[in-house]
Amino acid sequence: MPELPEVESQLDYLRRTALGRAIRKVSVFEPRIIKNSTAAAFRKTLTGRRLVSAYRRGKYLIVDTDRPRVLILHFGMGGDLQYYPGPKQRPRFTRIEFTLDNGYRLAFTCPRNICRVMSVGSPSDVPGLRQMGPEPLCSNFTLTVFKTMMGTGVSRAIKALLMDQKRIAGIGNIYADQILFETGIRPTRKTSDLDARETGRLYRSIRRVLKDALPTASEEALPSHYIYSRDFSGQGCPDCGRPLAKTRVGGRTTRYCAGCQR
DNA sequence: CCTATAGCCTGACGGC
DNA sequence: TGCCGTCAGGCTATAG
(Lines give C-alpha, C1' and ligand atoms only; values in the text may rest on other atoms or scores of the structure.)
Protein backbone atom coordinates (compact mmCIF):
# COMPACT_ATOMS: atom_id res chain seq x y z
CA MET A 1 0.00 0.00 0.00
CA PRO A 2 2.76 2.50 0.60
CA GLU A 3 3.28 3.73 -2.94
CA LEU A 4 5.15 6.82 -4.13
CA PRO A 5 3.02 9.42 -2.29
CA GLU A 6 2.92 7.45 0.96
CA VAL A 7 6.67 6.85 0.96
CA GLU A 8 7.11 10.56 0.38
CA SER A 9 5.09 11.20 3.53
CA GLN A 10 7.26 8.68 5.43
CA LEU A 11 10.23 10.69 4.24
CA ASP A 12 8.66 13.86 5.63
CA TYR A 13 8.09 12.11 8.94
CA LEU A 14 11.69 10.94 9.12
CA ARG A 15 12.93 14.46 8.38
CA ARG A 16 10.77 15.90 11.15
CA THR A 17 11.95 13.33 13.70
CA ALA A 18 15.05 11.11 13.64
CA LEU A 19 17.01 12.67 10.80
CA GLY A 20 20.19 14.35 11.99
CA ARG A 21 20.47 12.09 15.03
CA ALA A 22 23.02 9.36 15.60
CA ILE A 23 22.08 5.73 16.25
CA ARG A 24 23.09 4.63 19.73
CA LYS A 25 21.62 1.15 19.51
CA VAL A 26 20.01 -1.11 16.92
CA SER A 27 17.45 -3.64 18.18
CA VAL A 28 16.35 -6.38 15.81
CA PHE A 29 13.06 -8.04 16.72
CA GLU A 30 12.50 -9.72 13.37
CA PRO A 31 15.73 -10.74 11.59
CA ARG A 32 13.86 -12.09 8.57
CA ILE A 33 13.15 -8.62 7.22
CA ILE A 34 16.86 -7.84 6.97
CA LYS A 35 18.18 -8.53 3.47
CA ASN A 36 21.70 -8.41 2.05
CA SER A 37 23.30 -9.12 5.44
CA THR A 38 22.95 -10.88 8.76
CA ALA A 39 21.28 -9.19 11.70
CA ALA A 40 24.68 -8.94 13.41
CA ALA A 41 26.24 -7.16 10.44
CA PHE A 42 23.20 -4.92 10.17
CA ARG A 43 23.59 -3.86 13.80
CA LYS A 44 27.32 -3.45 13.57
CA THR A 45 27.36 -1.34 10.40
CA LEU A 46 24.71 1.06 11.67
CA THR A 47 25.48 1.45 15.36
CA GLY A 48 27.11 4.83 15.96
CA ARG A 49 26.16 6.15 12.53
CA ARG A 50 24.50 9.53 12.14
CA LEU A 51 21.43 9.74 9.88
CA VAL A 52 22.60 12.58 7.71
CA SER A 53 20.08 12.90 4.90
CA ALA A 54 17.30 10.97 3.24
CA TYR A 55 15.46 10.73 -0.02
CA ARG A 56 12.90 8.59 -1.82
CA ARG A 57 13.42 6.45 -4.90
CA GLY A 58 10.33 4.62 -6.15
CA LYS A 59 8.85 2.96 -3.08
CA TYR A 60 12.20 2.87 -1.28
CA LEU A 61 13.37 5.23 1.43
CA ILE A 62 17.13 5.77 1.39
CA VAL A 63 19.02 7.20 4.35
CA ASP A 64 22.63 8.33 3.97
CA THR A 65 24.85 8.13 7.02
CA ASP A 66 28.14 9.77 7.99
CA ARG A 67 30.04 6.80 6.51
CA PRO A 68 29.86 5.11 3.14
CA ARG A 69 26.93 3.17 4.54
CA VAL A 70 23.31 3.55 3.52
CA LEU A 71 20.16 2.45 5.31
CA ILE A 72 17.47 1.28 2.91
CA LEU A 73 13.84 0.86 3.91
CA HIS A 74 11.10 -0.75 1.88
CA PHE A 75 7.63 -0.59 3.39
CA GLY A 76 6.15 -3.54 1.56
CA MET A 77 2.55 -3.54 2.59
CA GLY A 78 1.65 -1.61 5.72
CA GLY A 79 5.18 -0.72 6.80
CA ASP A 80 5.46 2.41 8.95
CA LEU A 81 7.88 4.59 10.93
CA GLN A 82 7.20 5.66 14.52
CA TYR A 83 9.21 8.05 16.69
CA TYR A 84 8.69 7.95 20.47
CA PRO A 85 10.42 8.73 23.80
CA GLY A 86 10.89 5.26 25.30
CA PRO A 87 10.13 1.52 25.30
CA LYS A 88 6.71 2.09 26.87
CA GLN A 89 5.52 3.66 23.63
CA ARG A 90 7.04 0.96 21.42
CA PRO A 91 4.40 0.22 18.79
CA ARG A 92 2.94 -3.14 17.93
CA PHE A 93 4.68 -4.91 15.04
CA THR A 94 8.02 -3.22 15.71
CA ARG A 95 10.56 -5.20 13.68
CA ILE A 96 13.58 -2.92 14.01
CA GLU A 97 14.13 -0.23 16.62
CA PHE A 98 16.85 2.42 16.54
CA THR A 99 17.66 4.10 19.83
CA LEU A 100 18.96 7.58 19.06
CA ASP A 101 21.47 9.86 20.76
CA ASN A 102 18.67 11.94 22.32
CA GLY A 103 17.12 8.85 23.93
CA TYR A 104 14.19 8.81 21.54
CA ARG A 105 13.57 5.77 19.39
CA LEU A 106 12.62 5.16 15.80
CA ALA A 107 10.69 1.98 15.05
CA PHE A 108 10.20 0.35 11.70
CA THR A 109 6.92 -1.50 12.00
CA CYS A 110 5.39 -3.98 9.59
CA PRO A 111 2.40 -6.23 10.43
CA ARG A 112 3.04 -8.79 7.70
CA ASN A 113 6.81 -8.93 7.59
CA ILE A 114 6.75 -8.16 3.90
CA CYS A 115 8.79 -5.03 4.47
CA ARG A 116 12.58 -5.05 4.13
CA VAL A 117 15.52 -3.20 5.58
CA MET A 118 19.09 -3.21 4.34
CA SER A 119 22.44 -1.78 5.28
CA VAL A 120 24.48 -1.40 2.11
CA GLY A 121 27.48 0.50 0.79
CA SER A 122 25.51 1.99 -2.05
CA PRO A 123 21.87 1.99 -3.21
CA SER A 124 23.01 0.28 -6.41
CA ASP A 125 23.79 -2.80 -4.32
CA VAL A 126 20.05 -3.37 -4.25
CA PRO A 127 18.80 -4.92 -7.52
CA GLY A 128 15.36 -3.35 -7.21
CA LEU A 129 16.96 0.08 -6.99
CA ARG A 130 19.58 -0.52 -9.64
CA GLN A 131 16.91 -1.47 -12.17
CA MET A 132 14.38 1.16 -11.11
CA GLY A 133 12.70 3.12 -13.89
CA PRO A 134 12.42 6.93 -14.02
CA GLU A 135 10.69 8.97 -11.35
CA PRO A 136 7.31 9.97 -12.80
CA LEU A 137 7.30 13.38 -11.11
CA CYS A 138 10.79 14.36 -12.25
CA SER A 139 11.25 16.64 -15.22
CA ASN A 140 13.22 14.03 -17.15
CA PHE A 141 10.11 11.86 -17.30
CA THR A 142 8.81 13.51 -20.43
CA LEU A 143 5.99 12.49 -22.75
CA THR A 144 8.65 11.40 -25.22
CA VAL A 145 10.25 9.12 -22.64
CA PHE A 146 6.85 7.70 -21.77
CA LYS A 147 5.93 7.11 -25.42
CA THR A 148 9.20 5.28 -26.03
CA MET A 149 8.52 3.11 -23.01
CA MET A 150 5.01 2.37 -24.25
CA GLY A 151 6.34 1.31 -27.63
CA THR A 152 8.82 -1.35 -26.58
CA GLY A 153 7.75 -4.99 -26.48
CA VAL A 154 4.44 -4.59 -24.75
CA SER A 155 1.73 -7.16 -25.16
CA ARG A 156 0.94 -6.85 -21.48
CA ALA A 157 -2.05 -5.23 -19.85
CA ILE A 158 -1.50 -1.51 -19.41
CA LYS A 159 -1.98 -1.79 -15.66
CA ALA A 160 0.81 -4.36 -15.34
CA LEU A 161 3.09 -1.96 -17.17
CA LEU A 162 2.21 0.95 -14.89
CA MET A 163 3.07 -1.18 -11.85
CA ASP A 164 6.35 -2.44 -13.32
CA GLN A 165 9.01 -0.68 -11.24
CA LYS A 166 11.62 -1.18 -13.96
CA ARG A 167 9.50 1.02 -16.23
CA ILE A 168 8.12 3.68 -13.90
CA ALA A 169 9.08 4.11 -10.26
CA GLY A 170 6.58 4.13 -7.43
CA ILE A 171 3.17 3.19 -8.83
CA GLY A 172 1.35 0.33 -7.06
CA ASN A 173 -2.08 -1.21 -7.18
CA ILE A 174 -4.19 1.62 -5.83
CA TYR A 175 -2.70 4.48 -7.84
CA ALA A 176 -2.57 2.37 -11.00
CA ASP A 177 -6.33 1.82 -10.72
CA GLN A 178 -6.92 5.50 -10.00
CA ILE A 179 -4.73 6.71 -12.88
CA LEU A 180 -6.52 4.41 -15.32
CA PHE A 181 -9.93 5.43 -14.00
CA GLU A 182 -9.15 9.11 -14.47
CA THR A 183 -7.91 8.36 -17.97
CA GLY A 184 -11.00 6.36 -18.91
CA ILE A 185 -8.87 3.38 -19.94
CA ARG A 186 -9.68 -0.16 -18.89
CA PRO A 187 -6.83 -1.76 -16.90
CA THR A 188 -7.04 -4.95 -18.97
CA ARG A 189 -6.30 -3.20 -22.28
CA LYS A 190 -3.15 -4.33 -24.02
CA THR A 191 -0.55 -1.60 -23.98
CA SER A 192 -0.02 -1.83 -27.74
CA ASP A 193 -3.72 -1.08 -28.31
CA LEU A 194 -3.53 2.43 -26.90
CA ASP A 195 -3.48 5.22 -29.46
CA ALA A 196 -1.47 8.44 -29.24
CA ARG A 197 -4.29 10.44 -27.65
CA GLU A 198 -4.79 7.83 -24.93
CA THR A 199 -1.06 7.66 -24.32
CA GLY A 200 -0.96 11.42 -23.83
CA ARG A 201 -3.91 11.34 -21.46
CA LEU A 202 -2.31 8.51 -19.51
CA TYR A 203 0.96 10.41 -19.20
CA ARG A 204 -0.78 13.49 -17.83
CA SER A 205 -2.92 11.39 -15.50
CA ILE A 206 0.13 9.65 -13.99
CA ARG A 207 1.65 13.01 -13.15
CA ARG A 208 -1.56 14.62 -11.93
CA VAL A 209 -2.77 11.75 -9.72
CA LEU A 210 0.60 11.25 -8.01
CA LYS A 211 1.22 14.97 -7.59
CA ASP A 212 -2.24 15.62 -6.18
CA ALA A 213 -1.80 12.77 -3.71
CA LEU A 214 1.47 14.11 -2.27
CA PRO A 215 0.13 16.69 0.23
CA THR A 216 -2.36 14.37 1.92
CA ALA A 217 -0.88 10.90 1.41
CA SER A 218 -0.64 8.78 4.51
CA GLU A 219 -1.55 5.24 5.41
CA GLU A 220 -4.96 5.96 6.84
CA ALA A 221 -6.35 8.62 4.58
CA LEU A 222 -7.03 7.66 0.99
CA PRO A 223 -9.38 10.18 -0.70
CA SER A 224 -13.01 9.04 -0.53
CA HIS A 225 -13.56 9.63 -4.24
CA TYR A 226 -10.89 7.06 -5.18
CA ILE A 227 -12.39 4.00 -6.81
CA TYR A 228 -10.53 1.89 -4.24
CA SER A 229 -12.33 3.76 -1.43
CA ARG A 230 -15.63 3.73 -3.29
CA ASP A 231 -15.46 -0.03 -3.73
CA PHE A 232 -14.35 -0.53 -0.15
CA SER A 233 -17.37 1.38 1.16
CA GLY A 234 -19.71 -0.42 -1.23
CA GLN A 235 -20.41 2.63 -3.38
CA GLY A 236 -20.30 2.64 -7.15
CA CYS A 237 -18.42 4.63 -9.76
CA PRO A 238 -17.87 8.22 -8.56
CA ASP A 239 -18.89 9.51 -12.01
CA CYS A 240 -21.88 7.40 -13.06
CA GLY A 241 -22.81 5.52 -9.89
CA ARG A 242 -22.72 2.15 -11.58
CA PRO A 243 -21.34 -0.77 -9.48
CA LEU A 244 -17.59 -1.16 -9.96
CA ALA A 245 -16.15 -4.17 -11.75
CA LYS A 246 -13.50 -6.26 -10.05
CA THR A 247 -11.01 -8.50 -11.77
CA ARG A 248 -7.37 -9.53 -11.58
CA VAL A 249 -4.60 -7.93 -13.62
CA GLY A 250 -0.94 -8.65 -13.10
CA GLY A 251 -1.89 -10.82 -10.15
CA ARG A 252 -3.58 -7.89 -8.40
CA THR A 253 -7.17 -7.09 -7.53
CA THR A 254 -8.26 -4.49 -10.04
CA ARG A 255 -11.23 -2.16 -9.80
CA TYR A 256 -12.71 -0.21 -12.69
CA CYS A 257 -15.96 1.13 -14.09
CA ALA A 258 -17.12 -0.87 -17.09
CA GLY A 259 -19.18 2.12 -18.21
CA CYS A 260 -16.61 4.90 -17.94
CA GLN A 261 -13.46 2.96 -18.85
CA ARG A 262 -13.06 1.54 -22.36
C1' DC B 1 14.43 -11.86 -23.95
C1' DC B 2 9.62 -11.38 -22.41
C1' DT B 3 5.56 -12.37 -19.66
C1' DA B 4 2.82 -14.84 -16.25
C1' DT B 5 2.37 -16.96 -11.96
C1' DA B 6 3.42 -18.91 -7.30
C1' DG B 7 5.09 -17.83 -2.96
C1' DC B 8 6.42 -15.12 0.94
C1' DC B 9 3.80 -13.39 5.36
C1' DT B 10 0.15 -12.68 8.87
C1' DG B 11 -3.80 -9.70 10.43
C1' DA B 12 -8.59 -8.84 9.43
C1' DC B 13 -12.79 -10.60 8.42
C1' DG B 14 -16.74 -13.57 7.21
C1' DG B 15 -18.99 -18.01 7.60
C1' DC B 16 -20.33 -21.71 10.32
C1' DT C 1 -16.89 -18.49 21.34
C1' DG C 2 -13.60 -19.95 18.29
C1' DC C 3 -11.89 -22.29 14.31
C1' DC C 4 -10.87 -22.04 9.48
C1' DG C 5 -10.49 -20.30 4.80
C1' DT C 6 -9.73 -16.35 2.04
C1' DC C 7 -7.91 -12.01 0.95
C1' DA C 8 -4.65 -8.27 0.86
C1' DG C 9 -0.23 -6.50 -1.54
C1' DG C 10 4.89 -5.22 -2.08
C1' DC C 11 8.55 -7.91 -4.29
C1' DT C 12 11.39 -12.05 -5.86
C1' DA C 13 12.06 -16.48 -7.85
C1' DT C 14 10.83 -19.59 -11.09
C1' DA C 15 8.32 -21.47 -14.94
C1' DG C 16 6.74 -21.21 -19.54
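The sequence lines fix the lettering, A, B, ..., with proteins before strands; numbering per chain opens at 1. We use all heavy atoms of the structure for the numbers below, so side chains are in, but hydrogens, waters and symmetry mates are not.
The pair A/Glu198-A/Arg189 counts as a salt bridge, with a side-chain nitrogen and a carboxylate oxygen less than 4.0 angstrom apart. Remark: A/Asp101 does not engage A/Arg24 in a salt bridge, criterion side-chain N to carboxylate O under 4.0 Å. Of the charged side-chain nitrogens involved, none lies within less than 4.0 Å of a carboxylate oxygen, so that A/Arg130 and A/Asp125 do not count as a salt-bridged pair. Checked for salt-bridge contact, A/Arg56 and A/Glu135 meet the test: a charged N lies under 4.0 Å from a carboxylate O.
Applying a 4.0 Å cut-off to non-hydrogen atoms, none of the residues of residues 117-124 of chain A approaches DNA chain C.
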Letter by letter from the 5' end, nucleotides 11-16 of chain C scores (B base, S sugar-phosphate only, - none; protein heavy atoms under 4.0 Å) BS----
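The CD1-P distance, from A/Ile114 to C/dA8, rounds to 13 Å in whole Å. One interatomic measurement links the two molecules: CG of A/Asp80 to C1' of B/dT10, which rounds to 17 Å at whole-angstrom precision. The CG-P distance, from A/Asn113 to B/dG11, rounds to 9 Å in whole Å. Rounded to an integer number of Å, the gap from CG of A/Asp177 to P of C/dA8 is 12 Å. Here B/dC2 presents its P atom at 14 Å from CE of A/Met149, a figure rounded to the nearest Å. A/Arg112 has its CZ atom 9 Å from the P atom of C/dG9, to the nearest Å. One atom, CD1 of A/Ile33, and another, P of C/dG9, lie 21 Å apart when rounded to the nearest Å. Taking atom CD1 on A/Ile158 and atom C1' on B/dT3, their separation rounds to 15 Å, with Å as the unit.
No donor-acceptor contact under 3.5 Å links the side chain of A/Arg156 to the base of B/dA4.
Other residues, nucleotides and ligands contribute only 12 or fewer heavy atoms inside 6.0 Å of the CZ atom of A/Phe232.
Checked against the 6.0 Å centroid criterion, the rings of A/Tyr13 and A/Tyr83 do not qualify as a close aromatic pair.
Under the 3.5 Å distance criterion, with hydrogens and angles disregarded, no donor-acceptor pair is assigned to the side chains of A/Ser119 and A/Ser37. The closest side-chain donor-acceptor pair between A/Thr47 and A/Lys25, if any, does not fall under 3.5 angstrom.
Among the heavy atoms of the strands, none lies under 4.0 Å from A/Phe75. Within 4.0 Å (heavy atoms only), A/Arg248 reaches sugar-phosphate atoms of the nucleic acid but no base atom. In this structure, A/Gly251 reaches neither bases nor backbone, as no heavy-atom distance under 4.0 Å exists between it and the strands shown.
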Practice problem: For ring pair (Phe, Tyr, Trp, His ring centres under 6.0 Å), just list the numbers for A/Tyr60 and A/Phe75, CA-CA rounded to whole Å, side-chain angles, deciding distance to a tenth of an Å, and then say yes or no. | Solution: CA-CA 7 Å; A/Tyr60 290 84; A/Phe75 296 87; 9.6 Å; no
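Computed from C1' positions of five pairs at each end, the angle between the two local axes of the helix from B/dC2-C/dG16 to B/dC16-C/dG2 equals 50°, rounded to 10 degrees.
Panel note: side chain A/Ser233, backbone A/Ser229; a donor-acceptor pair is recorded below 3.5 Å.
Taking the side chain as every heavy atom from C-beta outward, A/Val209 and A/Tyr175 approach each other to under 4.5 Å.
Taking only side-chain nitrogens and oxygens, A/Tyr228 never comes nearer than 4.0 Å to OP1 or OP2 of C/dA8.
Linking Ile, Leu, Val, Met, Phe, Trp and Tyr whenever their side-chain heavy atoms come within less than 4.5 Å puts A/Leu180 and A/Met150 in one cluster.
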